[in-house]
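This is a predicted model, so every value here is computed, not measured. In listed order, ligands and their atoms are each counted from 1.
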Amino acid sequence: MNEEKVCAIVLAAGQGKRMQSSMPKQYMELLGKPVLYYSLKVFEESAVDEIVLVVGAGEEDYCRREIVNKYGLKKVAYIISGGDERYLSVICGLSVLRGCSYVLIHDGARPLITVDLVDRTIEEVKRYLACVVGVPSKDTVKLINKDRVVTSTPNRKYVYNIQTPQAFSFELINKAYKEIVKRSDITVTDDAMVVETCMDMDVHIIEGSYHNIKITTPEDISIAEVLLGKNCI
Ligand code: CTP
Ligand code: MG
């Protein structure tokens, strides 16, 4: 019997400003189905036990009807509304979880996630308690200062582009988020940095996939359709 419950928080409460579309990007169609459907389907087929779907206020019924019920996604246990920033939506998701040992936090705007990668993430989080999916940076990265002058060039061997899922022991991430909200000096851009900042715990990297793109700007829709259509993820 699986005594360690694994939950997933799928985030879809953003406004998609960079997409410049009247419809939020998570509901735009990819090969005839909404962007959000794809990642929910993958979590449904993975070893995750329960899914919390976080959506914009007032979008709960639409999501239940047009995505969760329509496609028979049985693991979605909660559909709740999120906050004005991504990290606030994560806090909303964490607040409804009960009896959860591990939590995977995923951007609903990443439809090209695979069951294999989710299941590998679950194995790794059970071992390391904090881990994030990422890929080696193909580009050289430079740090600059406020005058736009380069201050250093990190060794590319050690530079990763971070994706989701990001996975943690529930106790660890819940505590870390409770701490971070007390800090007004920090802009939270991913979940791992909350652990890095507030907790004495190493965050491990899981080798991800260059196909696991985030739908952010209009050309990403065409790119995702090509990747999905070729089924080459
Ligand atoms: N997200 C969320 N709640 C927010 C902001 C973002 O749940 N207040 C979710 C988005 O729906 C998305 C993921 O977090 O699945 C990653 O965020 P991002 O790609 O930045 O999406 P948006 O914030 O919607 O887009 P933009 O920044 O262009 O407005
Ligand atoms: Mg955003």
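- Nearest heavy-atom pair, Val35 versus Ile221, reported as atom, atom and distance to 0.1 Å: CG2-CD1, 4.3 Å.
- Side-chain N/O atoms of Glu66 and Tyr37 include no donor and acceptor closer than 3.5 Å.
- For the residue pair Asn161 / Tyr210, no side-chain donor-acceptor distance below 3.5 Å is found, with atom types taken as modelled.
- For the pair Leu104 and His106, the minimum side-chain heavy-atom distance is 4.5 Å or more.
- With a 4.5 Å cut-off on side-chain heavy atoms, Glu44 and Tyr71 do not count as touching.
- Closer than 4.0 angstrom to ligand 1 sit non-hydrogen atoms from Leu11, Ala12, Ala13, Gly14, Gln15, Gly16, Lys17, Arg18, Lys25, Gly83, Asp84, Glu85, Arg86, Ser89, Asp107, Gly108, Ala109, Lys214.
- Remark: the Ser101 side chain and the Lys5 side chain contain no N/O donor-acceptor pair separated by less than 3.5 Å.
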